[in-house]
Amino acid sequence: QLEFITPFQLYFNPDLIFRKFQIWRLITNFLFFGPLGFSFFFNMIFLYRYCRMLEEGSFRGRTADFVFMFLFGGFLMTLFGLFASLFFLGQAFTIMLVYVWSRRNPYIRMNFFGLLNFQAPFLPWVLMGFSLLLGNSIIIDLLGIAVGHIYYFLEDVFPNQPGGKKLLLTPSFLKMVFDTPEEDPNYHPLPEDRPEHLPRDQDQHEQQHPQ
């Protein structure tokens with residue numbers, strides 16, 4: 001917006017990525033949502049809202065799995081972008097988050113601008129229809145829905161099928177970086193490191209079992 005850089009330095013261009021080694025385009029194409037306007041704020045609101053609800057809901061305490069979903073979705077979108085000549089994938093990423101949340105919360109009733117009432121799983125399709133009314137291409141929305149469905153199927157559906165198994169395994173290095181280590185049940189902190197109520201319990205223990 002301050003014109004320090006232009007969208008031409010950010011968009012997804014396989015030729016510049018692989019021949020000119022402008023690797024940053026693999027990331028920056030997800031971060032540009034167009035100039036300030038209705039579409040920009042619409043995407044920001046939905047990205048914040050549903051990213052937060054996923055993080056505080058089904059991914060609570062599973063930060064590494066949350067990050068892995070980002071990486072998996074971004075990787076698939078990039079692969080599709082190689083063949084579909086797509087320049088910016090941020091909106092598709094937003095739709096993917098909305099899709100995953102909506103399928104994991106199928107019974108929540110939604111209200112769209114006070115005009116439509118529907119169940120949560122229809123939300124991505126309503127957003128796609130709204131995008132079509134605004135005159136935007138729905139290819140990006142369809143890509144987000146497709147990638148979101150692939151993730152949801154591999155993570156939530158297929159492992160619960162007869163003979164199915166979990167195919168999306170979060171790499172251990174992500175768990176090491178993002179997840180807090182589990183407390184050792186055999187660890188006994190020093191008295192000065194214990195909460196205030198613990199010394200009293202310790203005194204009672206010593207009275208019951210004097211040395």
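Numbers here simply count residues along the sequence, with the first being 1. No hydrogens, no waters, no symmetry mates; every other heavy atom, side chains included, goes into these values.
Hydrophobic clustering, with ILVMFWY side chains joined whenever heavy atoms are under 4.5 angstrom apart, keeps Ile45 apart from Leu47. In the hydrophobic cluster analysis, where Ile, Leu, Val, Met, Phe, Trp and Tyr join through side-chain heavy atoms closer than 4.5 angstrom, Trp125 is grouped together with Trp101. Residues Leu31 and Leu97 are members of separate hydrophobic clusters, defined by side-chain heavy-atom contacts under 4.5 angstrom among Ile, Leu, Val, Met, Phe, Trp and Tyr. By the rule that hydrophobic residues join a cluster once side-chain heavy atoms approach within less than 4.5 Å of another member, Val126 and Leu133 end up as members of separate clusters. A single hydrophobic cluster is seen to contain both Leu167 and Val100, as judged by linkage of ILVMFWY side chains at heavy-atom distances under 4.5 Å, directly or through other members.
Using a distance-only test at 3.5 Å, with no hydrogens or angles considered, a donor-acceptor pair links the side chain of Thr78 to the main chain of Gly74. Side-chain atoms of Asp179 never come within 3.5 Å of backbone atoms of Leu174 as a donor-acceptor pair (strictly under, hydrogens ignored). Counting only distance, with no hydrogens or angles, the side chain of Asn29 and the backbone of Leu26 share a donor-acceptor pair below 3.5 Å. Side-chain atoms of Arg25 never come within 3.5 Å of backbone atoms of Phe12 as a donor-acceptor pair (strictly under, hydrogens ignored). Between the Asn105 side chain and the Ile108 main chain, no donor and acceptor come within less than 3.5 Å of each other.
In terms of heavy atoms, Ser102 sits closest to Ala120 at CB-O, 3.1 Å. Across Pro106 and Pro121, no two heavy atoms sit closer than the pair O-CD, 3.4 Å.
Between Tyr152 and Tyr99, the ring-plane angle classifies as perpendicular under the 30° and 60° cut-offs. The aromatic rings of Phe153 and Phe158 lie tilted to each other, with the angle between the two planes from 30° to 60°. Using a 30° and 60° split on the angle between ring planes, Phe72 and Tyr151 fall in the tilted class, from 30° to 60°. The aromatic rings of Phe88 and Phe32 are tilted relative to each other, their planes meeting at an angle between 30° and 60°.
Sparse packing is recorded around CZ of Phe122, with 12 or fewer heavy atoms of other residues, nucleotides or ligands lying under 6.0 Å away. Annotation: Phe70, atom CZ; neighbour count of heavy atoms from other residues, nucleotides and ligands within 6.0 Å is above 12. The 12-atom threshold is exceeded at CH2 of Trp24, counting heavy atoms of other residues, nucleotides or ligands nearer than 6.0 Å. Phe80 CZ: 12 or fewer foreign heavy atoms inside a 6.0 Å radius. Within 6.0 Å of atom CZ in Phe118, more than 12 heavy atoms from other residues, nucleotides or ligands are found, so the atom counts as buried in its surroundings. Residue Phe38 places its CZ atom among more than 12 non-hydrogen atoms of other residues, nucleotides or ligands, all under 6.0 Å distant. The environment of CD1 in Ile139 is sparse: at most 12 heavy-atom neighbours from other residues, nucleotides or ligands sit within 6.0 Å. Atom CZ of Arg109 has more than 12 neighbouring heavy atoms from other residues, nucleotides or ligands inside a 6.0 Å radius.
Put simply, the side chain of Phe33 does not reach to within 4.5 Å of the side chain of Ser39, judged on heavy atoms. Counting heavy atoms from C-beta outward, Phe40 and Met44 have side chains that approach closer than 4.5 Å. Taking the side chain as every heavy atom from C-beta outward, Leu54 and Met69 approach each other to under 4.5 Å. A heavy-atom distance below 4.5 Å is not found between the side chains of Ser131 and Phe42. Ile5 has its side chain within reach of Leu10: a pair of non-hydrogen atoms, C-beta onward, lies under 4.5 Å apart. Under the 4.5 Å side-chain criterion, counting only non-hydrogen atoms from C-beta, Phe66 is in contact with Cys51. Leu82 is listed as a side-chain neighbour of Phe18, based on a closest heavy-atom distance under 4.5 Å. With a 4.5 Å cut-off on side-chain heavy atoms, Leu123 and Tyr50 count as touching.
Note that CD1 of Ile145 is 11.0 Å distant from CZ of Arg103, once rounded to the nearest 0.5 Å. To the nearest 0.5 angstrom, Leu143 atom CG is 12.0 Å from Ile138 atom CD1. Remark: Met96 CE to Leu76 CG distance equals 9.0 Å, nearest 0.5 Å. Distance check: Leu127 CG to Asp141 CG gives 7.5 Å after rounding to the nearest 0.5 Å. Taken to the nearest 0.5 Å, the CZ atom of Phe46 stands 8.0 Å off from the CD1 atom of Ile95. Put simply, OG1 on Thr6 and CZ on Phe8 are 6.5 Å apart, with the number rounded to the nearest 0.5 Å.
Take Glu56 and apply the salt bridge (charged side-chain N to carboxylate O under 4.0 Å, His left out) test, not counting sequence neighbours, and it matches Arg52. Listed by chain and number, the residues in a side-chain hydrogen bond (donor to acceptor under 3.5 Å, both in side chains) with Asn160 amount to none (sequence neighbours excluded).
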Subject >> Worked verdict on Asp65 versus Lys175 for side chain to side chain contact (heavy atoms under 4.5 Å, CB included) >> reply: CA-CA 8 Å; Asp65 294 338; Lys175 293 186 176 182; 4.2 Å; yes
Subject >> side chain to side chain contact (heavy atoms under 4.5 Å, CB included) between Ile17 and Ile23, worked out >> reply: CA-CA 5 Å; Ile17 292 172; Ile23 306 299; 4.3 Å; yes
